[in-house]
Structure formats: C-alpha cells, structure tokens
Amino acid sequence: LGVIVVNAVWIGYDTETNRAPTIAQAAPHVVVVENFFCVYFTSELLIRFLAFDNPSQCLSDNWFRFDAFLVVLMVTETWVVLAVASSTNNLDV
C-alpha cells in the first residue's frame, strides 16, 4: 500500500514539474523513478499470477484483472511507446 501512495504522490509531482512530452526527453531522475514503478508493479502482478493454482483463475479475480489493466497501461506508457518511437526515430511523440 505504501508504494501505491508514493506512486500517487509521484504522479502529482511529475504532472506539475515534468514538461517533457515523452520519457525519452525527461530528466534522468524521472526516467529512473518511472522505470522503478513500472518494474515494481509488473513484478507484483507476476508474483500474484504465479500464486494461482490454476492460471485461468486469474481471469475470475476482478482485482487481478483491474491491476493487470493498470500495469498494461503503465508498461505501454513507459516502455512500448518509447520503443516504438525509438524504432521510428521519432522521439517527439
């Protein structure tokens, strides 16, 4: 719960202070913190997924599905958009 609160505070700070349009153009500390949260929440979701006796059970757990949706959004914003922009040499996304 603590990491979620810190992430919420970080989102507020990042919104007010970070003027870079993409993570590729952001200050180094922004890149580090964004990647930390992305790795943390992805790892947490993976651990929760592995805790199911039957992997298909995760589809019936609404909290897992909600968290998975949030992690997919975070991974898309942090890593996928950057990878696509880098591959097209268009970092002004």
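The first residue of the sequence shown is numbered 1, and numbering continues consecutively from there. All values below were derived from every heavy atom in this structure, side-chain atoms included, with hydrogens, water molecules and symmetry-related copies excluded.
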Can you tell me how far apart [atom1] ([X]) and [atom2] ([Y]) are? Round to the nearest 0.5 Å.
| X | Y | atom1 | atom2 | value |
| --- | --- | --- | --- | --- |
| Thr42 | Ile47 | OG1 | CD1 | 11.0 Å |
| Asp67 | Met74 | CG | CE | 11.0 Å |
| Glu16 | Asp14 | CD | CG | 10.0 Å |
| Trp79 | Asn35 | CH2 | CG | 6.5 Å |

Between the main-chain N or O of Val84 and the side-chain N or O of Ser87, is there a donor-acceptor pair closer than 3.5 Å? yes

Under a 3.5 Å distance rule, please check whether Asn7 uses its side chain to pair with a backbone N or O of Val3 as donor and acceptor.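 Not at all, since once roles are kept as given, no pair shorter than 3.5 Å links the two residues.
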
Closest non-hydrogen atom pair between [X] and [Y], with its separation:
| X | Y | result |
| --- | --- | --- |
| Val31 | Ala26 | CG2-O, 4.1 Å |
| Gln57 | Ser60 | O-OG, 2.8 Å |
| Arg65 | Cys58 | CG-O, 3.8 Å |

Same cluster for [X] and [Y] if Ile/Leu/Val/Met/Phe/Trp/Tyr side chains link at under 4.5 Å?
| X | Y | result |
| --- | --- | --- |
| Val32 | Tyr40 | no |
| Ile11 | Val6 | no |
| Val39 | Val71 | yes |
| Ile23 | Leu70 | no |

Got [X] and [Y] here, is their nearest side-chain heavy-atom distance under 4.5 Å?
| X | Y | answer |
| --- | --- | --- |
| Phe64 | Leu45 | yes |
| Phe49 | Asp61 | no |
| Val81 | Thr22 | no |

Mind telling me whether Trp63 and Phe66 have parallel, tilted or perpendicular rings, with 30° and 60° as the class edges? perpendicular

Other residues, nucleotides, ligands: >12 heavy atoms within 6.0 Å of Glu44 CD: yes

Output, in order, the C-alpha distance, side-chain angles, deciding distance and verdict of side-chain contact (heavy atoms from CB on, under 4.5 Å) for Phe41 and Ile4. CA-CA 9 Å; Phe41 290 123; Ile4 294 170; 4.1 Å; yes

Kindly determine whether Val33 and Trp10 satisfy side-chain contact (heavy atoms from CB on, under 4.5 Å), including the steps that lead there. CA-CA 8 Å; Val33 174; Trp10 169 256; 3.4 Å; yes

